[in-house]
J.: 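Questions regarding the structure given below will be posed in turn.
Note: hydrogens, waters and symmetry copies are ignored here, and every other heavy atom, side chains too, is used.
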Amino acid sequence: MRTELLYLEDSYLRRCEARVLEVERVKGRRAYVVLDRTVFHPLGGGQPSDVGFIAGAGGRMEVRKALLLDGELKHWGVFAEGELGEGDEVVCEIDWGRRYAVMRLHTAGHILDYAMAVLSGRPVDTLEAFHGPPEAYLEYDAERPPDPALLEEVANEVVRADLPVVAKLVRREELPEHLYNAPNLRRLPAAEAYRVVEIPGANAMPCTGTHVRRTGEVGGVRVLRVEKRIGYRVYYTVT
C-alpha cells in the first residue's frame with residue numbers, strides 16, 4: 001500500500017497534510033483519490049468509514065467514504081469546489097464528532113466481548129459486528145441469548161475501572177504470547193505482523209480500528225436489546 005495510515009498510530013489525529021498520488025474520475029464530479037498519507041479510517045473490521053474533506057489550492061473534495069480497494073486506501077467523494085490533481089499538496093480532515101463516537105463504540109465492543117467471555121466461561125466468536133451509528137451491534141455465535149442486564153453489569157465494571165487501551169504491533173511468531181480472551185482467531189488472515197489492541201485484564205485481540213485511550217472515556221455501556229439472527233445479535237450504545 002502506498003498510503004501511510006496515520007490513524008493506526010494516533011486515533012485522535014483529526015487532520016494532516018498529504019500529497020495526491022492518484023485521482024480516478026468516476027462520473028460527473030465524483031472520484032476516488034489516493035494520498036501518500038491519511039487520517040481517514042476505511043470501512044472495514046466492523047467499523048464504518050470516516051467522512052470529512054480533502055482540500056488543496058485547486059479544489060475541495062467532500063469525502064463520503066474511505067475504502068480498501070485493490071490494495072489501496074481510496075477516498076471516494078464529490079468535488080464541491082474545483083478539482084484535485086496528481087501531485088497536489090492538500091489538507092485532509094475528518095468529521096471528529098463522528099470519529100470520536102465510533103471510537104467510544106468500538107472500545108465498548110471490545111468490552112462487550114470480554115463480558116460475553118465472562119458470562120460464557122470462554123471467548124465467544126462474533127459472526128458480524130458494526131461499531132457505529134445509526135445502531136451498533138455484535139452478533140455472537142452463542143447457544144443461548146446473553147442476559148442484557150448481566151452483560152451491562154460486567155461491561156460497566158471495566159468502564160468504571162478506567163483501564164488503559166493500548167495498541168501495539170506484534171510479529172506473527174510472537175502473537176500467541178500477546179493474545180488472550182480473543183475471539184475469531186480461526187479467521188485471522190496471514191500477515192507478517194499484527195496490530196493488537198489490549199485492555200489489560202480484559203482482552204487483547206488483533207484489531208486495526210480506532211479506540212479511546214482509556215475505558216472511562218466510553219462513559220457507559222447500555223445494551224438496547226438482543227435479537228435472534230444466525231446467532232444472537234446484541235444491539236448497544238454508549239452513554
Side-chain angles (χ1 to χ4, degrees), residues 1-107 109 126 128-138 167 169 187-195 197 206-212 238:
M1 181 182 295
R2 293 179 289 171
T3 306
E4 182 183 1
L5 308 178
L6 299 176
Y7 60 82
L8 292 177
E9 298 295 327
D10 185 357
S11 295
Y12 291 79
L13 193 61
R14 308 179 188 195
R15 59 184 285 151
C16 73
E17 296 179 350
R19 182 169 55 86
V20 176
L21 299 180
E22 184 180 327
V23 177
E24 179 186 344
R25 298 298 294 263
V26 181
K27 186 179 180 181
R29 300 191 62 76
R30 292 178 290 178
Y32 292 100
V33 172
V34 178
L35 304 175
D36 68 338
R37 60 209 305 261
T38 189
V39 291
F40 283 83
H41 188 288
L43 174 68
Q47 183 165 321
S49 166
D50 284 320
V51 299
F53 69 85
I54 301 170
R60 175 187 174 99
M61 168 184 265
E62 294 177 357
V63 179
R64 298 181 178 177
K65 194 172 289 185
L67 301 163
L68 287 172
L69 299 171
D70 303 321
E72 296 277 16
L73 194 151
K74 298 186 178 183
H75 306 78
W76 181 86
V78 177
F79 289 122
E81 303 170 15
E83 292 187 8
L84 300 175
E86 185 177 329
D88 285 359
E89 299 295 329
V90 296
V91 170
C92 56
E93 183 170 335
I94 59 173
D95 178 333
W96 171 247
R98 173 184 167 89
R99 157 69 76 80
Y100 189 62
V102 169
M103 287 163 59
R104 294 174 65 214
L105 286 166
H106 201 154
T107 303
T126 53
E128 194 177 340
F130 185 70
H131 306 296
E135 207 165 41
Y137 63 83
L138 291 145
L169 198 63
R187 304 202 302 263
L188 193 64
E192 290 300 314
Y194 298 87
R195 182 174 182 260
V197 173
C207 179
T208 59
T210 57
H211 292 272
V212 292
V238 293

J.: Report the C-alpha separation of Tyr194 and Leu188 in whole Å, then their side-chain angles, then the decisive distance to 0.1 Å, and conclude whether the side chain to side chain contact (heavy atoms under 4.5 Å, CB included) test is met.
T.: CA-CA 10 Å; Tyr194 298 87; Leu188 193 64; 3.7 Å; yes
J.: Under the rule for ring pair (Phe, Tyr, Trp, His ring centres under 6.0 Å), what residues qualify as partners of Tyr137, not counting sequence neighbours?
T.: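 Only Tyr235 meet the ring pair (Phe, Tyr, Trp, His ring centres under 6.0 Å) criterion with Tyr137.
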J.: Take Leu13 and Tyr7 through the side chain to side chain contact (heavy atoms under 4.5 Å, CB included) test and state the conclusion after the steps.
T.: CA-CA 7 Å; Leu13 193 61; Tyr7 60 82; over 6 Å; no
J.: Check for a donor-acceptor pair, side chain of Asp95 on one end and backbone N or O of Val51 on the other, with a separation under 3.5 Å.
T.: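 Not a single qualifying donor-acceptor pair exists.
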J.: Quick check on Glu17: does its CD atom have over 12 non-hydrogen neighbours (other residues, nucleotides or ligands) under 6.0 Å away?
T.: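 Open: at most 12 neighbouring heavy atoms sit under 6.0 Å from CD of Glu17.
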J.: Can a donor-acceptor pair be found between the side chains of Thr107 and His211 at a distance below 3.5 Å?
T.: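 There is such a pair between these side chains.
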J.: Identify the two heavy atoms, one from Thr210 and one from His106, that lie closest to each other, and give their separation to 0.1 Å.
T.: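 Heavy atoms of Thr210 and His106 come nearest at O-CB, 3.7 Å.
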J.: Does atom CD (Glu22) have a neighbourhood of more than 12 heavy atoms from anything else shown, all under 6.0 Å?
T.: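 Count over threshold, so yes.
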J.: When you look at Val20 and Leu35, which way does the side chain to side chain contact (heavy atoms under 4.5 Å, CB included) test go after all the steps?
T.: CA-CA 5 Å; Val20 176; Leu35 304 175; 3.9 Å; yes
J.: Can a donor-acceptor pair be found, under 3.5 Å and without considering hydrogens, that links the side chain of Arg195 to the backbone of Glu9?
T.: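 No; judged by distance alone, with no hydrogens or angles, the pair does not exist.
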J.: Show the nearest heavy-atom pair for residues Val26 and Ala31, with the distance to one decimal.
T.: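 Residues Val26 and Ala31, closest heavy atoms: CG2-CA, 4.0 Å.
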J.: In Å and rounded to the nearest 0.5 Å, what is the CD to CZ distance from Glu86 to Arg19?
T.: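 So the CD of Glu86 and the CZ of Arg19 are separated by 8.5 Å.
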J.: Can you name the nearest heavy-atom pair linking Ile54 to Cys92, along with the distance?
T.: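 Minimum heavy-atom separation between Ile54 and Cys92: CG1-CB, 3.9 Å.
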J.: Between Gly132 and Val102, which heavy-atom pair has the shortest distance, and what is it?
T.: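 So the minimum-distance heavy-atom pair works out to CA-CG2, 4.3 Å.
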J.: If you look at every heavy atom in Leu43 and Pro48, which pair is closest and at what distance?
T.: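 Where Leu43 meets Pro48 most closely, the heavy atoms are CD1-CA, 4.0 Å.
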J.: Using atom types as modelled and distance alone, determine if a side-chain donor or acceptor of Arg29 lies under 3.5 Å from a backbone N or O of Gly82.
T.: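 Yes.
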J.: Taking His131 for the side chain and Gly45 for the main chain, is one N or O donor matched with an acceptor at less than 3.5 Å?
T.: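 No.
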J.: Using 30° and 60° as the class boundaries, would you call the ring planes of Phe40 and His75 parallel, tilted or perpendicular?
T.: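 If you compare the ring of Phe40 with that of His75, the planes turn out perpendicular.
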J.: Over all heavy atoms of both residues, which pair between Arg2 and Val34 is shortest? Give the atoms and the distance, please.
T.: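 For Arg2 versus Val34, the nearest heavy atoms are NH2-CG1, 4.1 Å.
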J.: Does Glu62 come within less than 4.0 Å of Arg60, counting only side-chain N to carboxylate O?
T.: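 Answer for the salt bridge query: no.
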